[in-house]
Amino acid sequence: MIVTVTYNPAVDQTIQFDEQMAPDRVMRADSAQFDAGGKGINAAQLLTAMDCPCVATGLLGGFTGSFIRETLQEDGVETAFVDVDGTTRLNTTAIAAAEEYKLNQSGPTVGASVVDALLEQVRAQSPDRVLVGGSLPPGLSPDAIDRIAAGGDWETIVDTGGDVLRELDGQYGLCKPNRAELGDATGADVSTVEGCADAADTFRDRGFDRVLASLGADGAVLVGDAGRLYAEALDIDVVDTVGAGDALLSGVLSAWEAGADDETALRTGVAVSSQVVQRAGTAVPDLDDIETLRENVTVRQL
Ligand SMILES: Nc1ncnc2c1ncn2[C@@H]1O[C@H](COP(=O)(O)OP(=O)(O)O)[C@@H](O)[C@H]1O
Ligand SMILES: O=P(O)(O)OC[C@H]1O[C@](O)(COP(=O)(O)O)[C@@H](O)[C@@H]1O
C-alpha cells in the first residue's frame, strides 16, 4: 500500500484561450476548470484509478483545502490530511494558442511541527511505500522530506524540485526529476538522452536506489540495478503537460506494487503519462486499457 505526502497541495486552475497571451487587455477564456492538484495528490488519484491501494496525506487549509478534500472523496481516494492555518494555494495553467503558462503560488506558511503530525498520519497507515511529491511551503526545509524517509520501515519515493533534491540527505528508493530538475540537482549537461542517463546514474550516489528522469517529448529514463532503461515517448496529440510527471511516476509505482519488473513499470509509466497529456487539467483520464497502451511503448538499454 502506498501513502502519498503532499506538503504543498494546490487547486489547479486550467484556463484556455484561442488567442495568444497579451498584456494590458482583457482575455476571454474559452474554457476553465478546477482540479485537485499537487504532485502527491495527482499520484493518489491516478493510483486509486488503477486500483492500487493508496492513502493521500499532506497539509490542507482554507476553502481551497476543503475543495481538494471533497474532490478526492468524490473520486473514492482515501485521505488522512493534517489541517493547517492559512489557505492551500491556487496554481494556474493558462493555455493560450497552444502555448502553456504555469503560474504557481508559494502556498501558506507552516510551522515545522506539522511534520510530527504528518508522520503520525503516515505511520498509522503502515505503508510499504511513501511518495513525497511536490514543493515545500514557506516554513519547511528539505529536512521535512528526510524525516519522512527516516520515519519508518517503508521505501520512500520523492518527486520535488532540483533545488530541494540536491539538499536531501536520506536514503530513498527512487527520485523522479524532470529534465530541468535533473540539471538543477546535478549541474550536468542534460541536453541529450544519454547525458540525462549519465546524470541520473551519477545522482544515485546521493542516496537514491533508482532515478526516474522524465524527459518530456523524449520519454523517460529509469536508472537502477536493472541498468539504464530508456523508453521513448509515444507519438500523441499533446494538450496539457501539467501532471505528466506525476502520471509517469504513478504508472511506475502501480506496476511495482503489482510485482512488475522495472521494464514493465517504465512502460506503464509512459502509457499513463501519455493518457494524461492528451487532455487539459489534472483530473484522472481513462486508464482502462493501460495494459494495451503499454505494449506500444518501446524500452531499450542505453
Ligand atoms: N510532448 C510530449 N509528447 C509525448 N509524451 C509526453 C510529452 N510531454 C510529456 N510526455 C509524457 O509525460 C512524461 C512526463 O513528462 P515531463 O514533462 O517530463 O514531466 P514533468 O511534468 O515532471 O515535467 C514523459 O516521460 C512522457 O511519457
Ligand atoms: O507537472 P508535474 O510536475 O507532474 O506536476 C503537476 C503538479 O505540480 C504542480 O504544478 C505543483 O508543483 P510544485 O509542488 O512543484 O509547485 C501542481 O500545480 C500540479 O498539480
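One-based numbering, in listed order, for ligands and for the atoms of each. Side chains included, hydrogens not; waters and symmetry mates left out as well; all remaining heavy atoms used.
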message: Polar contacts were defined as any N/O atom of the residue lying under 3.5 Å from an N/O atom of the ligand; does this apply to Asn8 and ligand 2?
response: no
What atoms of ligand 2 come within less than 4.0 Å of a heavy atom belonging to [X]?
X      : value
Gly245 : 4 (O)
Gly38  : 17 (C), 19 (C), 20 (O)
Gly134 : 14 (O)
Gly37  : 20 (O)
Ser135 : 13 (P), 14 (O), 15 (O), 16 (O)
Lys102 : 10 (O), 18 (O)

Under 4.0 Å, heavy atoms only, figure out whether ligand 2 is touched by the backbone of [X], its side chain, both or neither.
X      : result
Asn104 : side chain
Asn42  : side chain
Ala244 : backbone
Arg89  : side chain

Could you report the tightest heavy-atom contact between [X] and [Y], atom names first, then the distance?
X      : Y      : value
Ser135 : Arg89  : OG-NH2, 3.5 Å
Arg166 : Ala185 : CB-O, 3.7 Å
Asp209 : Arg204 : O-NE, 2.9 Å

With rounding to the nearest 0.5 angstrom, report the [atom1] to [atom2] distance, [X] to [Y].
X      : Y      : atom1 : atom2 : answer
Lys176 : Glu181 : NZ    : CD    : 5.5 Å
Lys39  : Thr282 : NZ    : OG1   : 10.5 Å
Arg210 : Asp225 : CZ    : CG    : 7.0 Å

May I ask you to identify the nearest protein heavy atom to [atom], giving residue, atom name and distance to one decimal place in Å?
atom                    : value
atom 19 (C) of ligand 2 : Asp12 OD2, 3.2 Å
atom 1 (O) of ligand 2  : Gly243 N, 2.9 Å
atom 6 (C) of ligand 2  : Asp246 OD2, 3.4 Å

query: Does Ser106 offer a backbone N or O that forms a donor-acceptor pair with the side chain of Asn8 under 3.5 Å?
result: yes
- prompt: Hydrophobic clusters join Ile, Leu, Val, Met, Phe, Trp and Tyr when side-chain heavy atoms are under 4.5 Å apart, directly or via other members; which others share one with Tyr230?
  reply: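 Its cluster mates, by chain and number, are Val193, Leu215, Val221, Val223, Leu302.
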message: Using a 4.5 Å cut-off between side-chain heavy atoms of Ile, Leu, Val, Met, Phe, Trp and Tyr, which other residues end up in the same hydrophobic cluster as Ile41?
response: Val11, Phe34, Leu60, Phe67, Ile68, Leu72, Val77, Phe81, Leu90
- request: Evaluate the criterion side-chain hydrogen bond (donor to acceptor under 3.5 Å, both in side chains) for residue pair Gln45 and Asp75; output intermediate values, then yes/no.
  value: CA-CA 7 Å; Gln45 289 178 292; Asp75 288 352; 2.9 Å; yes
For residues 155-163, tabulate all N or O donor-acceptor pairs below 3.5 Å that involve a side-chain atom, not counting sequence neighbours.
unit_1	atom_1	unit_2	atom_2	d
Glu155	OE1	Arg129	NE	2.5
Thr156	OG1	Trp154	NE1	3.3
Thr160	OG1	Gly134	O	2.9

query: With respect to atom 3 (O) of ligand 2, which of Glu181, Gln45, Lys39 exhibits the smallest heavy-atom separation?
result: Lys39
message: If we count only N and O atoms by modelled type, under 3.5 Å, do the side chains of Asp261 and Thr264 hold a donor and an acceptor together?
response: yes
message: Distance under 4.0 Å, heavy atoms only, partner ligand 1: which residues pass?
response: Lys176, Asn178, Ser214, Leu215, Gly216, Ala217, Gly219, Ala220, Ala233, Leu234, Ile236, Val238, Thr241, Ala244, Gly245, Val270, Ser273
Stepwise side-chain hydrogen bond (donor to acceptor under 3.5 Å, both in side chains) check, Asp143 with Ser141: CA-CA 5 Å; Asp143 181 59; Ser141 72; 5.0 Å; no
